[in-house]
Amino acid sequence: HDGYPHGPGGRNPFNVTKEEKVARALELLHRHFDVVTVADHAAYMETVLEWTGWPRVDMPKTNVYKKDLHFTKKEVEKLQKLLQKNGDFDFVDQVKLEYHDYLSYLKV
């Protein structure tokens, strides 16, 4: 698109609200994903490997920025405001609420 992300199409071409974006994201999550992990991915991975007997497959880390990243307080505050405005925090909070410990029965 010309001028992406601010031109035609952009980040929010239909001018939907934050709440509509969060609801749509949750709908897509529910419809298309059978397993959702919110935290402690390593423990979850170990549980699934134990449960299934599958061998561990180490994934190579590619396309990684290897230097330190430094952000100013202003940059962090700007990012937080954008995440709040876009509904990212609301989405993560709702996912945590809906999926917290939902696969706990896999734990031995």
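- The hydrophobic cluster around L82 extends to none of the other residues, as no ILVMFWY side-chain heavy atom falls under 4.5 Å of it.
- Nearest heavy-atom pair, N86 versus D88, reported as atom, atom and distance to 0.1 Å: CB-OD1, 3.2 Å.
- Taking all atoms of both residues into account, the shortest heavy-atom contact from Q84 to F89 is OE1-CD1, 3.1 Å.
- Taking the side chain to side chain contact (heavy atoms under 4.5 Å, CB included) definition, one finds that E27 meets it with R24, R31, sequence neighbours left out.
- Distance OH/Y99 to NE2/H30: 3.5 Å, rounded to 0.5 Å.
- To the nearest 0.5 Å, the span separating CG on L28 from CZ on F33 amounts to 8.5 Å.
- Among residues two or more places apart in sequence or in another chain, the salt bridge (Lys or Arg N to Asp or Glu O under 4.0 Å) test is passed with E20 by none.
- A continuous path of Ile, Leu, Val, Met, Phe, Trp and Tyr side chains, each step under 4.5 Å between heavy atoms, connects V92 with L26, placing both in one hydrophobic cluster.
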Exercise. Apply side-chain contact (heavy atoms from CB on, under 4.5 Å) to the pair E98 and V36, showing each step before the final yes or no.
Key: CA-CA 10 Å; E98 292 183 21; V36 177; over 6 Å; no
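- Cluster membership check: Y65 shares its hydrophobic cluster with V76, using side-chain heavy-atom separations under 4.5 Å among Ile, Leu, Val, Met, Phe, Trp and Tyr.
- Taking NZ from K85 and NZ from K21, the interatomic distance works out to 8.0 Å, rounded to the nearest 0.5 Å.
- No donor-acceptor pair closer than 3.5 Å links the side chain of Q94 to the backbone N or O of F91.
- When the side chains of ILVMFWY residues are joined at heavy-atom separations under 4.5 Å, either directly or via intervening members, L79 and L69 end up in two distinct hydrophobic clusters.
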